[in-house]
There are 2 protein chains.
Amino acid sequence: MGPTIRDVARLAGVSKSTVSRVLNGDPNVAEETRNAVVAAIKEIRYTPNALARGLNTRKTGTIGLIISDITNPFHAEVARGVEDLASDFDSNVILCNTDGRPKKEAAYIDLLVEKRVDGIIFTSVKTDESDMTNLRSRRIPFVFAGRTLPDVAADSVVVDNILGGFQAANHLLRLGHQRIAYLAGPSHVSASMDRHEGYCQALRRAGIEPDPQLVIEGDFKQEGGYRAMSALLDRSLGITAVFAANDYMAMGALEAIYERGLRVPEDIAVVGFDDIPFARLHLVQLTTVAQPKYDIGAIAARMLFERIDGKAQDEPSRRVVLPPRLVIRRTCGEYLGQRDFAEPNRPSRVAEPPVGTT
Amino acid sequence: MGPTIRDVARLAGVSKSTVSRVLNGDPNVAEETRNAVVAAIKEIRYTPNALARGLNTRKTGTIGLIISDITNPFHAEVARGVEDLASDFDSNVILCNTDGRPKKEAAYIDLLVEKRVDGIIFTSVKTDESDMTNLRSRRIPFVFAGRTLPDVAADSVVVDNILGGFQAANHLLRLGHQRIAYLAGPSHVSASMDRHEGYCQALRRAGIEPDPQLVIEGDFKQEGGYRAMSALLDRSLGITAVFAANDYMAMGALEAIYERGLRVPEDIAVVGFDDIPFARLHLVQLTTVAQPKYDIGAIAARMLFERIDGKAQDEPSRRVVLPPRLVIRRTCGEYLGQRDFAEPNRPSRVAEPPVGTT
DNA sequence: GTCCTTCCTGGGACCGGTCCCGCATACATT
DNA sequence: AATGTATGCGGGACCGGTCCCAGGAAGGAC
């Protein structure tokens with residue numbers, strides 16, 4: 001259909017090998033020849049066919065991003081980090097929303113393998129081990145962003161969830177709270193477990209034995225946070241503060257609290273996790289533990305490209321742990337009154353991934 | 001590297017043509033032969049190479065999605081609609097964030113053309129006409145989602161922005177407001193212009209001549225909404241209500257209003273546009289004009305695939321106009337007190353695109 | 001002048017599929 | 001028995017590039 005490399009060759013009066021050389025910036029081409037080829041390319045508006053190229057270079061310049069739901073602002077921010085970095089590496093990102101369903105995930109992986117993507121980034125929550133070994137045997141590199149799979153030896157970049165949980169609980173403790181509830185995520189998610197672990201550590205360090213009654217499981221969504229908080233309040237357990245495993249659940253919790261005519265933070269203090277955009281809204285001012293969402297994606301992508309480019313070909317798997325950051329706003333009572341607009345979350349230059357090998 | 005179709009053929013004792021037939025579900029294959037081939041495929045874990053296939057079928061099963069920023073919840077929702085539908089059509093979506101920069105957009109288009117995507121969906125704001133004619137000449141179908149380019153004859157699906165603007169202003173008018181400000185988006189964006197047009201129509205119908213002083217330009221972002229609203233309030237123009245061209249700017253406006261110690265809706269009523277998730281937060285309860293974001297993406301994708309599959313090959317370009325929907329919450333004073341959780345925004349079955357030809 | 005490099009270029013196998021064409025066999029038709 | 005037709009399968013050109021290999025021309029060393 002469109003013009004091919006042969007058409008260019010014919011017009012420029014050279015062989016297709018030479019055109020190919022020009023296309024790939026081979027220095028061993030006479031200036032004159034190069035100009036002729038470039039002119040011919042312009043003239044017939046030739047665009048190389050990446051399929052044909054990929055067929056024998058075994059590089060497609062495309063990576064897959066497996067994500068549970070791009071509609072979730074946390075994931076959107078991670079995705080943005082991934083895409084920006086891919087763009088720097090002249091790569092494209094294929095977006096795959098799995099809604100956390102293993103079947104969808106497996107189907108997507110198959111598709112990505114068929115398309116011979118250069119690598120895959122996983123953000124989604126559950127992942128089948130057999131898929132991993134499949135990818136491994138096909139030598140398709142992959143990395144986990146924002147989560148990790150205990151048994152799979154693979155590159156990953158995560159936030160220190162234990163530390164984050166500790167920071168959240170510790171902040172509440174130093175404000176004098178003693179009865180602090182934890183709104184957990186689904187029990188199989190390691191992030192939620194780790195945050196709980198940090199919460200327990202903080203309590204124990206303060207000489208308080210964690211009370212299992214104060215822990216209730218949610219689903220990482222607003223509705224679940226609302227229900228969990230409502231249930232907690234109904235039991236009148238003397239709670240004065242609550243730490244939600246993510247901001248969405250904190251949102252639901254706030255709602256439940258306000259609905260009962262209670263005040264935040266006077267009656268109940270609230271801390272979230274993630275620092276999604278809504279948390280910094282003037283009306284909300286949620287105190288929360290911020291994750292470097294964009295960096296998680298960007299660093300994961302950088303690690304992936306290092307594998308792809310063969311720089312880190314056969315190194316052992318690396319695990320980058322990023323620090324969480326407590327952002328103090330209004331919902332715990334230390335509101336300082338200043339505006340707090342979206343901070344620039346797109347570093348002009350993404351930092352090299354901190355070394356940290358496992 | 002990996003096993004090829006020849007390996008399968010050898011193992012099954014047939015020719016590669018036959019394997020290809022099995023792969024593509026050709027009925028003219030003996031049951032026995034088919035079984036042998038399937039078994040061979042299983043045994044050596046063969047995965048067809050989509051590059052090789054695409055090279056001569058001229059179909060890649062991949063579409064491009066050009067978007068300004070996936071981090072924007074409006075776009076994320078549209079993207080989700082696109083991706084879900086692509087998935088139904090066994091296609092993948094390549095995500096391209098342009099930040100509205102024409103240069104980035106042009107670069108992405110080139111890349112997508114090189115990869116021979118089956119089609120492209122545009123959501124981003126500015127688009128170079130020459131890129132369009134380029135795509136046209138290469139016979140790569142494309143459709144606009146959520147916006148339209150006046151001079152380019154192409155498929156598009158948009159919300160009726162004039163009607164939306166009318167609904168917003170009309171709602172404020174029937175609540176008794178007379179001095180209604182409009183926080184516009186960038187002046188070159190047709191959506192903002194159209195919403196302004198609807199706003200003017202509503203005012204005129206109520207016998208009020210629109211006052212240019214009450215219109216101020218923002219940037220579709222929170223910060224811009226904050227600045228615009230602050231400027232407006234500083235001028236003491238007797239404003240009792242404000243219509244923001246999108247929810248982000250409404251957020252900023254709310255902030256400016258609260259900062260001055262004014263109350264919403266008692267002192268100033270606020271209406272937004274889009275209905276992004278934050279708008280329904282209990283703490284915010286923003287009255288706004290909802291766009292069917294998911295459907296915009298899904299319908300755009302459906303239209304694109306109709307072009308790709310040749311069903312709508314040479315039909316004239318179609319323009320689908322979706323109705324906006326006024327969602328009354330708290331910020332205008334008709335708060336009814338009921339909770340308002342995320343409504344199910346993923347239709348199990350996406351409606352056929354309403355016919356409507358241009 | 002001969003030989004060796006270095007630079008530039010062309011030829012052609014190959015990447016891994018699809019698909020057209022042609023052939024063999026089996027069975028129905030006249 | 002001769003002819004026609006449907007089914008099942010193999011051979012090989014082709015999609016549009018990359019890249020190895022070989023060869024010619026030019027320049028330097030002896």
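Reminder, nothing fancy here: chain letters follow the sequence lines and each chain counts from 1. Quick caveat: nothing in here was measured; it's all calculated off a predicted structure.
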Trainee: Can a donor-acceptor pair be found, under 3.5 Å and without considering hydrogens, that links the side chain of A:S68 to the backbone of A:G100?
Mentor: no
Trainee: What's the CD1-P distance between B:I5 and C:dC19, to the nearest Å?
Mentor: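 These atoms are roughly 11 Å apart.
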Trainee: With the threshold set at under 4.0 Å for non-hydrogen atoms, list the residues of residues 29-45 of chain A touching DNA chain D in residue-number order.
Mentor: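 None - not one residue of the stretch has a heavy atom sitting under 4.0 Å from the strand.
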Trainee: Under a 3.5 Å distance rule, please check whether B:T57 uses its side chain to pair with a backbone N or O of B:R53 as donor and acceptor.
Mentor: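 Present.
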Trainee: Quiz question: going by heavy-atom distance under 3.5 Å, is there a donor-acceptor pair between the base of D:dG8 and the side chain of B:N28?
Mentor: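 Flag unset: no donor-acceptor pair detected.
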Trainee: With a 4.5 Å limit on heavy-atom distance, are the side chains of B:D88 and B:D84 in contact?
Mentor: no
Trainee: Which is more 5' along DNA chain D, the nucleotide nearest A:P48 or the one nearest B:P27? Just name the residue.
Mentor: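 Nearer the 5' end of the strand: B:P27.
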Trainee: For C:dG17, does the base pair up with any side-chain atom of B:N49 as donor and acceptor (N or O, under 3.5 Å, distance only)?
Mentor: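 Such a pair does not exist between side chain and base.
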Trainee: What is the distance, to the nearest angstrom, from the CG atom on B:L55 to the P atom on C:dT18?
Mentor: 11 Å
Trainee: Do B:R318 and B:M303 have side chains that get closer than 4.5 Å, going by heavy atoms?
Mentor: yes
Trainee: Does B:R116 make a side-chain N or O approach to OP1 or OP2 of D:dC15 shorter than 4.0 Å?
Mentor: no
Trainee: Figure out the NZ/P separation between A:K59 and C:dC15, and round it to whole Å.
Mentor: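 Rounded to the whole Å, the gap is 18 Å.
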Trainee: Checking only heavy atoms, does the side chain of A:R6 share a donor-acceptor pair with the base of D:dG16 at less than 3.5 Å?
Mentor: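 Counting by modelled atom types and ignoring angles, a donor-acceptor contact under 3.5 Å is found here.
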Trainee: Please examine the side chains of B:R80 and A:D69, heavy atoms only from C-beta on, and report whether any two atoms are closer than 4.5 Å.
Mentor: yes
Trainee: D:dG12 P sits how many Å from B:N56 CG, rounded?
Mentor: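 Between P of D:dG12 and CG of B:N56: 18 Å.
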Trainee: Look at the side chain of B:D26 and the backbone N and O of B:N28, then say whether any donor-acceptor pair between them is shorter than 3.5 Å.
Mentor: yes
Trainee: How are the rings of A:F122 and A:F142 set relative to one another: parallel (under 30°), tilted (30 to 60°) or perpendicular (over 60°)?
Mentor: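 Judged by the thresholds at 30° and 60°, the geometry between A:F122 and A:F142 is perpendicular.
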Trainee: If you draw a 6.0 Å radius around CZ in A:R45, do more than 12 non-hydrogen atoms from other residues or ligands fall strictly inside?
Mentor: no
Trainee: Give the residues of residues 10-26 of chain B touching DNA chain C, defined as any heavy atom closer than 4.0 Å, sorted by residue number.
Mentor: B:K16, B:S17, B:S20, B:N24
Trainee: Quick one: A:Y46 OH to D:dG16 C1', roughly how many Å, whole number?
Mentor: 7 Å
Trainee: Is the backbone N or O of B:R101 less than 3.5 Å from a side-chain atom of B:D99, with the two atoms forming a donor-acceptor pair by type?
Mentor: no
